[in-house]
Number of protein chains: 4
Amino acid sequence: MSSEFGKILRVSVFGQSHGPAIGIVMQNVPAGEVIDEAELLAFMGRRKAKGVLSTLRHEDDIPLFLSGMIHWQTCGSPLCAILENKDAQSKDYEALKEVPRPSHADYVAYKKWGKHTDMRGGGHFSGRLTAPLCIGGGVAKQILARRGVFVGAHLASVAGIEDEPFGLYPTQELFSEVAQKHFPTIDDASGERMQHAIKEAAADKDSVGGVIECAAIGMPAGLGAPMFEGIENKLAAAIFGIPAVKGIEFGSGFESARQRGSGHNDPIILDEQKNITMEKNDAGGINGGITNGMPIRFNVAFKPTPSINKPQKSVHLASLEETELVIHGRHDPCIAHRAVPVVEAVAALVLLDVILEHNHGHQ
Amino acid sequence: MSSEFGKILRVSVFGQSHGPAIGIVMQNVPAGEVIDEAELLAFMGRRKAKGVLSTLRHEDDIPLFLSGMIHWQTCGSPLCAILENKDAQSKDYEALKEVPRPSHADYVAYKKWGKHTDMRGGGHFSGRLTAPLCIGGGVAKQILARRGVFVGAHLASVAGIEDEPFGLYPTQELFSEVAQKHFPTIDDASGERMQHAIKEAAADKDSVGGVIECAAIGMPAGLGAPMFEGIENKLAAAIFGIPAVKGIEFGSGFESARQRGSGHNDPIILDEQKNITMEKNDAGGINGGITNGMPIRFNVAFKPTPSINKPQKSVHLASLEETELVIHGRHDPCIAHRAVPVVEAVAALVLLDVILEHNHGHQ
Amino acid sequence: MSSEFGKILRVSVFGQSHGPAIGIVMQNVPAGEVIDEAELLAFMGRRKAKGVLSTLRHEDDIPLFLSGMIHWQTCGSPLCAILENKDAQSKDYEALKEVPRPSHADYVAYKKWGKHTDMRGGGHFSGRLTAPLCIGGGVAKQILARRGVFVGAHLASVAGIEDEPFGLYPTQELFSEVAQKHFPTIDDASGERMQHAIKEAAADKDSVGGVIECAAIGMPAGLGAPMFEGIENKLAAAIFGIPAVKGIEFGSGFESARQRGSGHNDPIILDEQKNITMEKNDAGGINGGITNGMPIRFNVAFKPTPSINKPQKSVHLASLEETELVIHGRHDPCIAHRAVPVVEAVAALVLLDVILEHNHGHQ
Amino acid sequence: MSSEFGKILRVSVFGQSHGPAIGIVMQNVPAGEVIDEAELLAFMGRRKAKGVLSTLRHEDDIPLFLSGMIHWQTCGSPLCAILENKDAQSKDYEALKEVPRPSHADYVAYKKWGKHTDMRGGGHFSGRLTAPLCIGGGVAKQILARRGVFVGAHLASVAGIEDEPFGLYPTQELFSEVAQKHFPTIDDASGERMQHAIKEAAADKDSVGGVIECAAIGMPAGLGAPMFEGIENKLAAAIFGIPAVKGIEFGSGFESARQRGSGHNDPIILDEQKNITMEKNDAGGINGGITNGMPIRFNVAFKPTPSINKPQKSVHLASLEETELVIHGRHDPCIAHRAVPVVEAVAALVLLDVILEHNHGHQ
């Protein structure tokens with residue numbers, strides 16, 4: 001079990017949902033980077049619980065930097081930031097220890113760690129662990145922006161209701177615009193319909209899934225590697241670290257399996273400044289694991305929240321008897337909308353790692 | 001650029017399409033494993049070129065073991081196996097050096113390595129590099145089978161034409177049956193239609209993509225890890241190492257984004273032997289990055305072969321002038337059907353690594 | 001810069017001498033391990049400052065476990081423990097920012113990170129960072145003990161004054177006995193003379209170095225690997241992570257370069273229980289990178305504390321003028337005696353990692 | 001068991017002494033590097049057997065590049081080079097399978113891999129595996145030289161007979177001069193006495209050990225890292241991968257444990273060009289794991305060859321009876337002199353990795 005990733009920018013996440021604190025350690029953050037506190041807090045605010053659409057658990061989530069940062073400037077030594085857990089209500093979860101919740105990690109944690117595991121509130125598997133990722137990702141986004149790289153995401157669909165796609169050339173302005181919205185869609189009417197679907201599911205004691213589209217602009221061509229350390233490999237490996245992710249596709253993704261080569265291939269042309277570029281972007285900005293200079297573009301599938309208030313079949317771990325489980329406690333009827341900044345955060349961490357690997361010591 | 005993966009079972013791939021040889025080094029293969037030569041060659045035979053459906057390049061692909069294997073038994077020290085390149089026809093490719101082929105790695109290799117890169121026949125990016133992966137995967141499959149784990153795959157779709165799915169409980173027998181077919185589908189009628197579509201595309205000087213469904217049975221529950229070293233993370237990271245892969249999804253994958261929790265969640269029940277299991281498998285055998293004892297199940301999207309015989313737009317790298325490129329030489333109108341054993345091979349390498357990590361020293 | 005090591009047991013250290021807190025994250029600590037608080041605190045107490053022999057800086061160093069531990073039992077998820085910095089007196093160090101201290105890391109940190117680095121009190125290079133290593137090592141020692149492996153160390157020499165060596169078969173009792181002493185030598189008379197030498201050096205505004213002998217008993221034969229992941233490689237890589245270490249040797253070490261084979265080779269014999277063993281241990285318990293069942297034995301050379309109160313030559317970084325530097329502030333006239341538990345801690349972390357790699361999932 | 005090291009420049013070694021071939025794979029060698037064949041072969045020639053001082057086994061050791069190199073220029077894709085084993089005389093070693101040779105890896109290999117291990121001629125533990133390291137190191141030395149970094153080594157002592165040390169500022173010319181000698185000492189008279197001692201040991205059916213001093217000049221200040229990824233950590237971890245190494249020390253090393261701070265500390269001064277430098281180099285060019293711009297300097301202790309022709313005590317593995325073993329076959333009465341280029345090779349590989357990590361993509 002290693003809650004770590006990265007080659008140069010090593011990221012290590014720790015904590016349990018109901019432990020004293022959760023946090024992140026990042027090794028090899030470049031020195032001398034000024035971090036804007038307000039911008040970081042605004043970014044973290046985007047993953048917070050949102051009224052009826054979300055859990056009732058509320059945490060301030062003000063990061064406390066234990067190391068690596070002096071007066072909001074990085075100093076080169078490993079950066080550690082933590083968030084205290086204040087609003088944990090463990091009694092709601094006591095009963096779960098005996099009866100695993102379907103499609104949660106309760107059963108597998110029991111198989112892996114035995115009865116010693118801490119599954120209060122989902123333990124280390126909790127969506128709460130995405131908060132420290134957002135600290136790290138928020139820092140990475142600011143460092144990337146200074147290098148001309150911008151990462152954005154929006155909710156491409158919820159319960160089958162689709163938003164507009166980013167299109168061929170998403171802009172920094174579009175990323176900002178979506179980031180400032182209460183509900184992260186490009187088209188507000190689609191967003192309204194998605195919110196309605198989420199509330200409907202909540203009213204039915206049920207939950208819904210969604211898809212997030214993420215893009216990064218400004219990555220120079222030629223970064224990455226063939227085979228196992230390509231951009232797709234690294235992004236996929238990290239993105240599956242976000243709880244509830246069940247799929248990832250780059251560019252035209254699964255649709256490309258239905259395309260012909262003449263339709264899928266991106267013609268190579270010159271832009272107005274006579275630089276080499278592509279006429280379209282079915283590759284999602286990546287060929288052979290390496291950036292081609294077009295925007296990086298990928299979709300991430302989130303399953304519906306496994307916690308629902310309907311009765312579900314399960315088995316009592318000690319008595320090995322089948323039983324019916326009703327989950328109480330607080331939970332989100334949809335997590336995809338809160339996961340939008342998390343996908344951005346993880347993408348930013350991976351892309352900063354790639355940039356540092358290819359350009360280390362030159363910040 | 002690291003053409004490597006794995007934690008305990010470290011896999012390193014080397015070679016260029018038109019270099020003297022290609023090969024694989026595997027560190028930490030357990031000692032004392034007897035490898036059946038005929039079975040290994042049969043497995044490797046499954047990725048070979050197949051008549052009109054494939055390239056005309058033909059290689060014997062008899063692996064030569066340089067180390068780690070004595071009289072077809074592993075000895076513990078690093079295993080190296082190579083394949084000589086005999087049927088390389090580099091002259092067909094000379095011209096490509098100047099004009100990158102759309103949606104190939106030519107342009108990105110040029111950006112990464114400059115003019116020194118060896119892109120004859122795709123160089124290190126070539127699908128030919130999947131042959132050494134099949135040596136390693138073929139060895140891994142035999143070691144896994146001895147531990148009760150079996151990996152199988154089939155062509156789930158080509159050009160939108162769908163095969164039957166594996167279903168809830170794929171068997172070792174079903175895996176064998178598909179493996180022995182000339183064209184790797186469960187339903188032969190679907191296979192016929194796919195082959196027809198491939199031939200049609202070839203006749204149109206075009207190519208088609210496809211989806212491969214892969215499954216693994218026999219993996220015990222409790223293997224893997226939360227967050228970044230889970231089974232999904234590792235499989236995704238390695239599978240994107242296969243050329244032309246553009247997406248991966250586990251269990252109900254992208255479909256899960258359209259499901260409700262009550263439909264997606266897999267009820268926990270007892271089987272006839274009173275063991276804990278799940279009633280269905282939308283999770284694809286993995287919760288929270290950890291195996292739950294159900295079959296592991298995932299789909300991989302392959303884009304259409306980027307080499308097509310139609311004229312395509314490109315740019316001359318030296319003169320920076322737009323031009324029209326016509327690719328000659330040999331290439332597959334579809335690679336998805338040849339990639340079926342490659343997906344199995346990579347999955348077997350990853351799963352053996354997971355098993356060795358959790359049970360090292362006990363072989 | 002990665003303040004990390006380990007393959008299965010991943011250790012990540014963070015913090016600066018004068019930052020808010022320092023700490024350690026350990027991934028893959030086995031679940032269900034009961035940790036004795038008093039034993040852990042006693043272990044950490046051994047590296048604390050000791051009267052006139054040491055710096056006057058005093059820290060409570062009560063570890064605060066943020067994750068991975070519930071009611072002093074490990075739960076499987078990543079373990080994070082921190083120590084607050086309370087007695088940091090940064091004003092003593094302000095001046096050092098401009099003029100690097102000879103044989104400290106001031107100059108190299110400036111070259112690596114520029115003026116943004118935090119070198120107050122040595123920053124991330126400070127010996128203070130060995131305190132979190134002792135938390136991790138103290139936990140590892142308890143887990144190892146439960147598996148029959150014991151690690152001990154003593155001060156083999158200071159300023160050329162030598163202690164008795166551990167001898168062929170050091171025992172758990174001998175380890176305990178030394179651990180409980182105020183000054184960690186086997187022979188008290190030697191210890192007295194060493195302390196006298198340290199005080200003498202302090203009186204001369206100078207400092208002294210020393211050698212630590214470390215041993216581990218109970219490691220089964222057959223663990224480790226040839227070439228680059230052997231026990232010696234791993235121990236050496238980690239031990240050089242302790243500030244002020246300048247050399248490491250295993251078994252007869254540098255002396256072996258003066259031996260003949262007939263004198264160095266360890267004859268293979270049967271012990272009284274008819275088990276294979278060796279008649280002596282010039283190999284230090286390791287052949288070809290792999291444990292041979294004899295005690296693991298190695299020596300570590302510590303240079304004298306670079307902080308001395310004598311005037312020293314240095315250069316002003318901004319004006320590039322040569323100058324004379326006098327270091328004020330608190331510092332140890334010898335660090336070797338305080339480093340004894342640190343060497344044990346690092347050795348315990350490495351050996352636990354080796355055991356987990358070879359026997360993972362079987363705790 | 002991973003015969004691998006490196007972060008960016010990943011090195012993987014494979015092969016057994018009496019297998020078909022041995023070799024090396026290097027990932028991330030910069031593209032476009034011209035390699036001088038004669039220089040590489042001359043470098044490899046330095047580790048070859050030398051008359052009466054060495055084993056009678058003779059191998060051509062002409063490296064065959066399977067990938068990564070076209071017309072003696074690197075192309076960016078993984079480099080693989082192999083050496084065929086031609087002069088293996090396995091029958092000499094058959095008997096050893098049953099009775100382990102003292103202070104060889106026979107017994108530990110048996111414990112680790114069981115009876116399946118290939119220990120003919122030492123198997124994967126053989127000094128023969130240092131030949132592929134010399135291919136890699138020879139390539140790395142040429143790439144380093146183009147960046148102004150030079151690595152050299154000499155035999156500092158054999159059987160207690162000492163050569164002159166490199167001194168404060170070893171030069172590229174001194175490195176070349178030693179490299180061209182038949183016996184690698186700075187002072188020829190010392191070399192004569194060492195050779196005499198080796199022959200004397202051989203006549204006594206015995207063997208002797210030695211110390212190698214290695215230095216690197218031209219490394220810029222500021223490369224490396226505090227704690228666990230420092231230059232000392234990386235060099236030590238890799239150097240212990242050379243068979244028979246039992247100790248490593250940097251700068252004044254174990255002697256520093258006997259020094260006072262005022263004697264050990266290297267005063268910081270300005271050189272004639274007003275650049276910051278140190279007046280002496282007890283640090284061996286490294287403070288806090290990071291290069292300080294002075295030459296990197298370290299000593300490596302080699303034990304005497306464990307193969308001697310005198311009768312030795314051992315135990316029959318199957319019958320578990322004590323026995324007397326007499327080793328026949330060919331072996332070196334001293335390996336230290338042949339190991340001089342091997343130490344250079346490993347140092348060059350590590351230092352190139354460090355440079356690539358800090359300056360990747362800028363070659």
Side-chain angles (χ1 to χ4, degrees), chain C residues 1-5 102-103 105 108 111-112 124-125 160 206-211 221-222 225-229 232-233 236-237 240-241 246-247 249-250 253-254 256-262 264-270 276 283 287-288 290 292 301 303-306 308 310 313-315 322, chain D residues 1-5 102-103 105 108 111-112 124-125 160 206-211 221-222 225-229 232-233 236-237 240-241 246-247 249-250 253-254 256-262 264-270 276 283 287-288 290 292 301 303-306 308 310 313-315 322:
Chain C
M1 196 276 319
S2 273
S3 297
E4 297 184 321
F5 68 97
S103 292
V108 297
K111 292 300 284 185
K112 184 176 172 67
H124 186 61
F125 296 84
D206 215 330
S207 63
V208 288
V211 173
M227 304 207 80
F228 305 110
E229 292 202 351
E232 291 156 320
N233 311 252
F240 276 110
K246 295 307 282 185
E249 59 179 4
F250 293 84
F254 276 87
S256 65
R258 284 180 286 269
Q259 292 177 304
R260 280 198 167 186
S262 57
H264 177 87
N265 287 358
D266 300 323
I268 301 173
I269 57 169
L270 295 175
I276 291 178
N287 299 120
I290 300 174
N292 65 16
K303 68 175 187 178
T305 325
I308 56 174
K310 284 183 197 292
K313 288 188 197 170
S314 187
V315 171
E322 296 193 336
Chain D
M1 196 279 315
S2 273
S3 297
E4 296 184 322
F5 69 95
S103 293
V108 297
K111 292 299 283 185
K112 183 176 172 67
H124 186 60
F125 297 84
D206 216 331
S207 62
V208 288
V211 173
M227 303 206 81
F228 305 109
E229 291 202 353
E232 291 157 320
N233 310 252
F240 276 109
K246 296 306 281 185
E249 59 179 4
F250 293 84
F254 277 88
S256 65
R258 282 181 288 269
Q259 293 176 303
R260 279 196 167 187
S262 57
H264 178 87
N265 287 358
D266 300 324
I268 301 173
I269 57 168
L270 295 175
I276 291 177
N287 299 121
I290 300 174
N292 65 15
K303 68 174 187 177
T305 325
I308 57 175
K310 286 182 193 294
K313 288 188 197 171
S314 188
V315 171
E322 294 193 337

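Keep in mind that the numbers below use all heavy atoms, side chains included, and drop hydrogens, waters and symmetry copies. Convention: sequence-line order gives letters A, B, ...; per-chain numbering from 1.
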As an exercise, state the distance from [atom1] of [X] to [atom2] of [Y], rounded to the nearest 0.5 Å.
X         : Y         : atom1 : atom2 : result
Asn265(C) : Ser207(D) : CG    : OG    : 6.5 Å
Gln259(D) : Lys303(C) : CD    : NZ    : 10.0 Å
Lys246(C) : Phe250(D) : NZ    : CZ    : 8.0 Å

Ser103(D) backbone acceptor or donor facing Asp266(C) side chain under 3.5 Å: no
Just give me the residue among [options] that pairs up with chain C most often, heavy atom to heavy atom, under 4.5 Å.
options                                    : answer
Glu4(D), Met227(D), Lys111(D)              : Met227(D)
Leu270(D), Val211(D), Val208(D)            : Leu270(D)
Ser256(D), Gly253(D), Ala221(D), Ala105(D) : Ser256(D)

Heavy-atom cut-off 4.5 Å, strictly under: side chain, backbone, both or neither for [X] against chain C?
X         : answer
Glu322(D) : both
Thr305(D) : backbone
Lys310(D) : side chain
Ile308(D) : side chain

Nearest heavy-atom neighbours spanning [X] and [Y]:
X         : Y         : result
Ser3(D)   : Pro226(C) : OG-O, 4.0 Å
Val108(D) : Asn287(C) : CG2-O, 3.3 Å
Ala237(C) : Ala237(D) : CB-CB, 3.8 Å

Can you tell which of [options] has the highest number of heavy-atom pairs within less than 4.5 Å of chain D?
options                                    : answer
Gly222(C), Gly247(C), Gly209(C), Ala257(C) : Ala257(C)
Gly160(C), Pro306(C), Ala236(C)            : Pro306(C)
Ala283(C), Gly241(C), Gly210(C), Gly288(C) : Gly241(C)

Close side-chain approach of Phe125(C) and Ile290(D), heavy atoms under 4.5 Å: yes
Flag side-chain contact, heavy atom, 4.5 Å: Glu249(D) against Glu249(C): no
With sequence neighbours excluded, residues passing side-chain contact (heavy atoms from CB on, under 4.5 Å) with Arg258(D): Glu255(D)
Pairing residues for Lys313(D) by the side-chain hydrogen bond (donor to acceptor under 3.5 Å, both in side chains) criterion, not counting sequence neighbours: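 Listed in chain order: Glu279(C).
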